[in-house]
Protein chains: 2
Amino acid sequence: MRGQPGRSVTSRVLALLDAFTPASPALTLSELARRTGLPLSTVHRRAAELLAWGALERGVDGRYRIGLRLWEVGSLAPRGLGLREVALPVMEDLYEVTHENVQLAVRQDDELVFIERIAGRHAVPVLTRVGGRFALHATGVGLVLLAYAPVGVQERVLAAPLERYTELTVTDPGRLRRCLAEVRRVGYAVSDRQVTMDALSVAAPIRAPEGVVAALSLVVAHDRADPVALAPLVQAAGRVLSRALGGAHG
Amino acid sequence: MRGQPGRSVTSRVLALLDAFTPASPALTLSELARRTGLPLSTVHRRAAELLAWGALERGVDGRYRIGLRLWEVGSLAPRGLGLREVALPVMEDLYEVTHENVQLAVRQDDELVFIERIAGRHAVPVLTRVGGRFALHATGVGLVLLAYAPVGVQERVLAAPLERYTELTVTDPGRLRRCLAEVRRVGYAVSDRQVTMDALSVAAPIRAPEGVVAALSLVVAHDRADPVALAPLVQAAGRVLSRALGGAHG
DNA sequence: CTCCGCATTCCACTGAGTGCAAGCCCGGGC
DNA sequence: GCCCGGGCTTGCACTCAGTGGAATGCGGAG
């Protein structure tokens, strides 16, 4: 072909999907070409194929969006809706008891991904969305996932600059390392106003046979609750789920 | 290349994703090759690329599964989690009032896809799963989606054999056509024991500017409730959502 | 009318992708 | 030990699917 060497067709297709983000869920063909750095004609052909299959859809405005077929296939991810289906009843129980935000997240590389949330109507509004990513070093779920992550992941996160969200965010690697040790010791994590000054979260691990696979948290107004009192509730829910997944209880 | 002509790389990649179904969410490389009809070496290379990107994952057993990254991208589908985010609060309200199963579905080609559900603990157990497909001619949501679908879709569905689920399933095209007219006249659909003999469902359309984009339903035990009494509730919820999406109220 | 931005189609060229075949690894039977 | 069978991975020579520049269509704004 005449194409610039070194780029496989598959990688181009995946690059197209990568161009869609929560911030820009609808793109024109030329925007896609700009974002991927590919020629317009190439993007046009690849997009047409994705369109035919249902991975992309075109709205009335002519823009491309992620198609329902891709959502369908994505819902088969065991760590996505699969995990959600198992966790939801337990999360609902936790919500019944506390009437606060309940969140479920897993680790993906060096970040976390929110899988499900029960948003209490009268609880603190949370900024994240289901399917969204976040750093590991600040939230309750993040601290749990990081504490039980492979050492390689921990080292990478500790070596990279730790973004500051509030004045209470832990950005010193040494201090974060001690926090993680503490999380492993007590079996839960508390993130007190480390993401926003409004909220505090308490999180516990969910274990499968292969280790900690997810984390569950309660997010509450920072002045409304005692984290140490909430911890047993979250831990208990985590243990129920761990048992459901065949994991050891910690 | 030496490859058999007529099959694009993209279509092969997508065929790999197609091989994963709710019934078989984990596959070995050879199973993938068998299902797609592609040579093992080809599958191996395509799968390696999907693996590297995160579209696929390999479990501890070495089997391939849909990866979290694909779920993440899929969650950007406006008709998937996007719609869900809008609808969930209203669905929760409906659940609070009725304590019955609440379901949200959209049409994809000639079938429906369930987007979200609130499963009442003490309500009828439903057989479908979020992300799953179903025929249009039997369920409440299906009848609504079919009634407001483009004529082309209606004709295709009416021309194809209509699968029978119970003795009450409408399988006669003429009768189904009259049912659809009735749905459009009254603005809601009732499916009385047409899917299982246990349950009955009442559904209403959700309208956006471009027309009916989704349907909402209550699924209840067939002997527990009067569908005509439930209809106004479902319709009201549908109208709230229609307004949120900028659709005309019907 | 022309210009601009975006989408679509054309076409000659070529290297990315193919599929066979051979090799590898592991476990089970003998 | 040795061989066999199932799965996975790699090497290699061949070639067509895919490429990207350029040309064309298509509105809408000036």
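Residue numbering restarts at 1 for every chain, and letters A, B, ... go by the order of the sequence lines. Predicted, not measured: the structure shown is a model, and the values here were computed from it.
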OP1 or OP2 of [N] sitting under 4.0 Å from any side-chain N/O of [X]?
| X | N | result |
| --- | --- | --- |
| A:S8 | C:dA16 | no |
| B:R45 | D:dT9 | no |
| B:R46 | C:dT18 | yes |
| B:R34 | D:dG6 | no |
| A:R12 | C:dG17 | no |

Give the nucleotide from the list [options] with an atom nearest to the side chain of [X].
| X | options | result |
| --- | --- | --- |
| A:H44 | C:dG17, D:dG20, C:dT8 | C:dT8 |
| B:T42 | C:dT18, C:dA7, D:dT19 | C:dT18 |
| B:S41 | D:dT10, D:dT19, D:dG20 | D:dT10 |
| A:P39 | C:dC6, D:dG20, D:dT9 | D:dG20 |

Just to be sure I understand the rule, does B:L38 reach a base, reach only the sugar-phosphate, or reach nothing, if contact means heavy atoms closer than 4.0 Å?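 Contact class for B:L38: none.
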
Reckon A:S30 touches a base, only the sugar-phosphate, or nothing at all at heavy-atom distances under 4.0 Å?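 Counting heavy atoms under 4.0 Å across all strands, the contact made by A:S30 is with sugar-phosphate only.
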
Can we say A:R34 and A:E31 salt-bridge, meaning some charged N sits less than 4.0 Å from an Asp/Glu carboxylate O?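 Not counted as a salt bridge, because no side-chain N and carboxylate O are separated by less than 4.0 Å.
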
Could you check whether any side-chain N or O of [X] sits under 3.5 Å from a backbone N or O of [Y], counting only pairs where one atom can act as donor and the other as acceptor?
| X | Y | value |
| --- | --- | --- |
| B:R79 | B:R107 | yes |
| A:T36 | A:L32 | yes |
| B:S242 | B:R207 | yes |
| A:E116 | A:V130 | no |

For A:L216, the option from A:V141, A:V240, A:I206 that meets side chain to side chain contact (heavy atoms under 4.5 Å, CB included):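 It is A:I206, the one option of A:V141, A:V240, A:I206 that forms the side chain to side chain contact (heavy atoms under 4.5 Å, CB included) with A:L216.
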
Residue of the set A:L81, A:L83, A:V106 for which side chain to side chain contact (heavy atoms under 4.5 Å, CB included) holds with B:W71: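 Going through A:L81, A:L83, A:V106 one by one, the side chain to side chain contact (heavy atoms under 4.5 Å, CB included) with B:W71 is satisfied by A:L81 alone.
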
Which residues in residues 54-70 of chain A have at least one heavy atom lying under 4.0 Å from any atom of DNA chain C?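 Correct list: A:R58, A:Y64.
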
With nearest nucleotide decided by heavy atoms, which residue, A:T28 or B:E49, maps closer to the 5′ end of DNA chain C?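 Whichever sits nearer the 5' end wins; that is A:T28.
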
Whole angstrom is fine here: how far is it from [atom1] in [X] over to [atom2] in [N]?
| X | N | atom1 | atom2 | result |
| --- | --- | --- | --- | --- |
| B:L29 | D:dG6 | CG | C1' | 12 Å |
| B:L27 | D:dG7 | CG | P | 13 Å |
| A:L16 | D:dG18 | CG | P | 14 Å |
| B:L40 | C:dT18 | CG | P | 13 Å |

